[in-house]
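All values below were derived from every heavy atom in this structure, side-chain atoms included, with hydrogens, water molecules and symmetry-related copies excluded. The model shown is predicted, which means the values in this text are computed figures rather than measured ones.
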Amino acid sequence: MRLDKLLAHSGLGTRKEVKKLLKTKIVEVNEKTVTDPKTHVDPDTDKVTVGGEKLDYQEFVYFMMNKPQGVISATEDLMHETVLDLLEMQDSLQEPHPVGRLDIDTEGLLILTNDGKLTHRLLSPKHHVDKRYYAEIDGIVTEEDIVQFKEGVTLDDDYETLPADLEILSTDEEAGTSVIELVIREGKFHQVKRMIQAVGKEVTYLKRLEMGPIKLDDTLELGAYRELTSEEIDLLKKA
């Protein structure tokens, strides 16, 4: 890749800032000073140093975010704040993207990465990666609903969903509300909300708890994020 891209992705600044850095003649490739930002380097075989310090380049980044409401799962938007806007500058330099989408009013687990192959595997309909949600419902969820979800429900566009696992956590008969957890194995537009609507109820609060083998870190406050551990990355790649 180009040297300026390598330096920028390593957290040394924007492309413009990196070009200024190169002019100071403190960047060496294989012990030779390089000032041309267009110079091509191989991060795996070339030794790149900045001010005598070896550059530790990481090709892919993997983050877990506790997405808050009011933020959209996109890389850019003219009207709303995006999940990328919540990242520190150095973490956005390698251009991570959200793996799938959470609605603007949905909270919880969101994976961000620039690993396109992993994203494709996790979102591919062929792999049916489990996603667990916590939801508060306007309406009484019944045992009959559990059976219906186990068989799959018909959405408003006549799409037949895959079987889903519905668990009733609590019911308030007087208020006419329920609290549930739901595991789905696909990712249709507004799927959880539409599945609940298909049995005559409404979602009033929705939070994603798990995606495949990855569980939301309950120490992450809304809007906070952290790098995935090497163990979590391995689990995702095997999902």
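With hydrogens and angles disregarded, no donor-acceptor distance shorter than 3.5 Å links the side chain of Q94 to the backbone of V61. Proximity of a side-chain donor or acceptor of T113 to a complementary backbone N or O of P96 within less than 3.5 Å is not detected. Between the side chain of R208 and the backbone N or O of Y133 there is no donor-acceptor pair closer than 3.5 Å. A donor-acceptor pair under 3.5 Å is formed between the side chain of H40 and the backbone N or O of K38. Looking only at distances, a side-chain donor or acceptor of K67 sits under 3.5 Å from a matching main-chain atom of T106. Looking only at distances, no side-chain donor or acceptor of N66 sits under 3.5 Å from a matching main-chain atom of A224. Judged by distance alone, the side chain of S178 and the main-chain N or O of T171 form no donor-acceptor pair under 3.5 Å. A donor-acceptor distance shorter than 3.5 angstrom exists from the side chain of E186 to the backbone of L162, with no hydrogens or angles considered. Under a 3.5 Å cut-off, the side chain of D130 and the backbone N or O of E210 do not form any donor-acceptor pair. In terms of modelled atom types and a separation under 3.5 Å, the side chain of D145 and the main chain of T142 share a donor-acceptor contact.
Here the straight-line distance linking atom OG1 of T229 with atom CD1 of I214 works out to 7.0 Å at 0.5 Å rounding. In this structure, the separation between CD on E88 and OH on Y225 is 4.5 Å, given to the nearest 0.5 Å. Here the CD-OH distance, from E107 to Y205, works out to 3.5 Å after rounding to the nearest 0.5 Å. To the nearest 0.5 Å, atom CG of residue L21 and atom OG1 of residue T14 are 10.5 Å apart. Atom-to-atom distance recorded for L155:CG and Q191:CD is 6.5 Å, nearest 0.5 angstrom. With values rounded to the nearest 0.5 angstrom, L84 atom CG is found 9.5 Å from S73 atom OG.
With contacts defined as side-chain heavy-atom distances shorter than 4.5 Å, the pair T35/V27 does not qualify. Residues L118 and Y62 are in side-chain contact: their nearest non-hydrogen atoms beyond the backbone lie under 4.5 Å apart. In this structure, D85 and S92 have side chains that are not in contact, with every pair of non-hydrogen atoms separated by 4.5 Å or more. When side chains are defined from C-beta on, M211 counts as touching V99, because their heavy atoms get closer than 4.5 Å. Within the 4.5 Å cutoff, side-chain heavy atoms of L22 are placed close to those of P37.
Side-chain contact check for H97 and T119: at least one donor-acceptor pair (N or O, by modelled atom type) lies under 3.5 Å.
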Exercise. Could you walk me through whether M65 and L87 pass the side chain to side chain contact (heavy atoms under 4.5 Å, CB included) check?
Worked result: CA-CA 9 Å; M65 176 179 287; L87 299 180; 4.0 Å; yes
Exercise. Going through the distances and angles, do I168 and E143 end up as a side chain to side chain contact (heavy atoms under 4.5 Å, CB included)?
Worked result: CA-CA 8 Å; I168 303 170; E143 294 296 325; 4.3 Å; yes
Exercise. Passes side chain to side chain contact (heavy atoms under 4.5 Å, CB included), E81 versus I72? Steps please.
Worked result: CA-CA 6 Å; E81 186 178 29; I72 64 171; over 6 Å; no
Problem set entry | Candidate pair T154 and E160, rule side chain to side chain donor-acceptor pair (under 3.5 Å), full reasoning | CA-CA 5 Å; T154 304; E160 295 281 344; 2.6 Å; yes
For this session: Go through the steps to decide whether V179 and T177 satisfy the test side chain to side chain contact (heavy atoms under 4.5 Å, CB included), and finish with yes or no.
Result: CA-CA 7 Å; V179 178; T177 60; over 6 Å; no
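The pair E232-K237 fails the salt-bridge criterion, with no side-chain N (NZ, NE, NH1 or NH2) lying under 4.0 Å from an Asp/Glu carboxylate O. Salt-bridge annotation for K201 and D138: absent, with no side-chain N of the basic residue lying under 4.0 Å from a carboxylate O of the acidic one. Salt bridge absent: D165 and R132 never bring a charged side-chain N and a carboxylate O closer than 4.0 Å. Salt-bridge check for K32 with D46: failed, with every basic side-chain N at 4.0 Å or more from each acidic carboxylate O. A salt bridge links D4 with R2; the closest basic N to acidic carboxylate O contact falls under 4.0 Å.
Remark: K188 is positioned above the aromatic ring of Y159, its terminal NZ or CZ atom under 6.0 angstrom from the ring centre and at most 45 degrees off the axis.
Paired with F149 under the rule side chain to side chain contact (heavy atoms under 4.5 Å, CB included), one option of V183, I180, I196 passes, and it is I196.
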